[in-house]
Protein chains: 2
Amino acid sequence: MQSLEALQREMESVNAEEDRALQQLRDRFGGMRRYCLYRRSRIIENIPGFWLTALRNHPQLSPRITGQDAEMLRYLTNLEVKELRRPRTGCKFKFFFQRNPYFRNNVIIKKYEVRFPGPVVSVSTPIIWRRGHEPQFFIDRNQNLVHSFFTWFSDHNLGEFDRIAEIIKEDLWQDPLRYYVLGEGIRRPRRRPIREPVEMPWPFGFLSG
Amino acid sequence: MQSLEALQREMESVNAEEDRALQQLRDRFGGMRRYCLYRRSRIIENIPGFWLTALRNHPQLSPRITGQDAEMLRYLTNLEVKELRRPRTGCKFKFFFQRNPYFRNNVIIKKYEVRFPGPVVSVSTPIIWRRGHEPQFFIDRNQNLVHSFFTWFSDHNLGEFDRIAEIIKEDLWQDPLRYYVLGEGIRRPRRRPIREPVEMPWPFGFLSG
């Protein structure tokens, strides 16, 4: 029985040592990744319209960006996606904007947090729209309601496992250059004009929240 | 643009290096853990009734072990819980039995496999019962149907996220000694007699599968 007890203690110390080694590894590579991302951000800030181009070239995101959205996203200077720091679990999206005619915010943040016990919750910065510039709903050719990309910030229903957040975090954020260059002639997709001819304004305004 | 491309490659190599380092760490500690478990198994094999005692002392497992189960689990000589080897994801439970009057199997295996895309599936060794020794259903004092612990092997409905598998893997398997010694007088719980006086045989036999 004593040998079993000794073995149990040995296994526990193996597990604890592994946890420590894993944490050290995560810290080391996390630091390297953060330094790369910092340098990437500094470069991207100096390429006008980088994120707008990357977003509009992304096959799954571009259908969510209306002509009006594109006008507003011209002022997007940077984007940041960060995991929440322990002990919290989740992630945070930070959209940085230049001064623009549409809303007053310099930064719009959307945050997802996994709560134990409990569901994932999302919160966001309320957008302060300048008068008459709230995004409109549209009806497309097929009579579908088209929401503004900006509805994503205030929509906390977490519908379809929040696909937009997932696509931005797992795909666009991992390699935005790949989508940016799609518009640079390397592989030019069918691009939609910034103003969509079939858009019809929806009679009700859009409330930020 | 070239500096962005270079950075992207740098980030990819950071990620690849991290994956390699993580894998090395997992291999190293996995090997240490396997060696501990091997020695633990060799000790436990020489303690008669170790697993039966540990199972019957476990507060969440003991209510699932009927008197008839305990008679059969007396012949359980060893237990193994293993993660499936890559590329598969899941785990495997191996129950080793001595020759006994109840069934012919020396080993009963239950395996859970996570399939992508698709759900978790479980499969198990069919139990070859000796004539007249199939476990019976019982009705307890509160008129609830009590299943044999052995139904767990053949029940692949994955009800309530297969609590039995989860408890064995995450708790009992991690520290079986803790539950074994509960019966050794260190902290003696209310133990149920091996034959439960309120058990009433259910008219239908139990089909293994």
Side-chain angles (χ1 to χ4, degrees), chain A residues 1-48 50-51 53-54 81 170-186, chain B residues 1-48 50-51 53-54 81 170-186:
Chain A
M1 210 53 61
Q2 274 170 355
S3 52
L4 264 187
E5 263 177 55
L7 253 178
Q8 188 62 36
R9 275 196 301 274
E10 190 178 330
M11 284 171 69
E12 278 159 16
S13 82
V14 167
N15 290 343
E17 203 187 321
E18 185 179 21
D19 287 347
R20 267 195 306 276
L22 278 173
Q23 193 51 48
Q24 277 171 7
L25 212 68
R26 281 198 205 97
D27 290 347
R28 181 154 70 93
F29 285 96
M32 286 159 79
R33 235 189 318 272
R34 274 193 299 280
Y35 180 54
C36 286
L37 287 170
Y38 171 81
R39 286 180 293 155
R40 190 178 83 176
S41 255
R42 296 295 79 79
I43 298 171
I44 288 178
E45 273 173 353
N46 291 308
I47 305 174
F50 179 91
W51 285 111
T53 306
V81 181
E170 303 300 337
D171 191 28
L172 181 72
W173 180 248
Q174 302 304 323
D175 187 1
L177 185 61
R178 181 177 159 209
Y179 295 103
Y180 179 77
V181 295
L182 281 182
E184 294 289 294
I186 291 182
Chain B
M1 211 52 61
Q2 275 169 355
S3 53
L4 263 186
E5 265 176 55
L7 252 179
Q8 188 62 38
R9 276 197 299 273
E10 188 178 329
M11 283 171 70
E12 278 158 16
S13 80
V14 167
N15 290 342
E17 203 187 321
E18 185 180 20
D19 287 346
R20 267 194 306 275
L22 278 173
Q23 193 51 48
Q24 278 171 5
L25 212 66
R26 281 198 205 98
D27 291 346
R28 181 154 68 92
F29 285 96
M32 286 158 77
R33 233 190 319 272
R34 274 193 300 279
Y35 180 54
C36 287
L37 287 170
Y38 170 80
R39 286 181 291 154
R40 190 178 82 176
S41 255
R42 297 295 79 80
I43 298 172
I44 288 178
E45 274 172 353
N46 291 308
I47 305 174
F50 179 91
W51 285 110
T53 305
V81 181
E170 303 299 337
D171 191 28
L172 181 71
W173 179 248
Q174 302 304 322
D175 187 1
L177 185 61
R178 181 178 158 209
Y179 295 104
Y180 179 76
V181 295
L182 281 182
E184 294 290 292
I186 292 183

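Chain letters run A, B, ... following the sequence lines, proteins first, then strands; residues in each count from 1.
Contact check for Met32(A) versus Glu18(B): no side-chain heavy atoms found under the 4.5 Å cut-off. Here the side chains of Arg20(B) and Glu17(B) are in contact, with some heavy-atom distance below 4.5 Å. Within the 4.5 Å cutoff, side-chain heavy atoms of Leu172(B) are placed close to those of Trp51(B). Side chains of Asp175(A) and Met11(B) form no contact here, defined as non-hydrogen atoms less than 4.5 Å apart.
By the ring pair (Phe, Tyr, Trp, His ring centres under 6.0 Å) test, Phe29(A) is found to be paired with no residue, residues two or more places apart in sequence or in another chain being considered. For Glu45(B), the salt bridge (Lys or Arg N to Asp or Glu O under 4.0 Å) criterion is met by Arg42(B), not counting sequence neighbours.
With chain B as the partner, the residue from Pro176(A), Ala21(A), Cys36(A), Ser3(A) showing the most heavy-atom pairs under 4.5 Å is Cys36(A). Across Leu22(B), Leu37(B), Ile44(B), Leu25(B), the residue that shares the most heavy-atom pairs under 4.5 angstrom with chain A is Leu25(B).
At a 4.5 Å heavy-atom cutoff, the contact between Ile47(A) and chain B is made by side-chain atoms alone. Interface residue Leu4(A): backbone and side-chain heavy atoms are both found under 4.5 Å from chain B. Only the side chain of Gln8(A) has a heavy atom closer than 4.5 Å to any heavy atom of chain B. Only the side chain of Glu12(A) comes within contact range of chain B, with at least one heavy atom under 4.5 Å from a heavy atom of that chain. At a 4.5 Å heavy-atom cutoff, Tyr35(A) makes no contact with chain B through either its backbone or its side chain.
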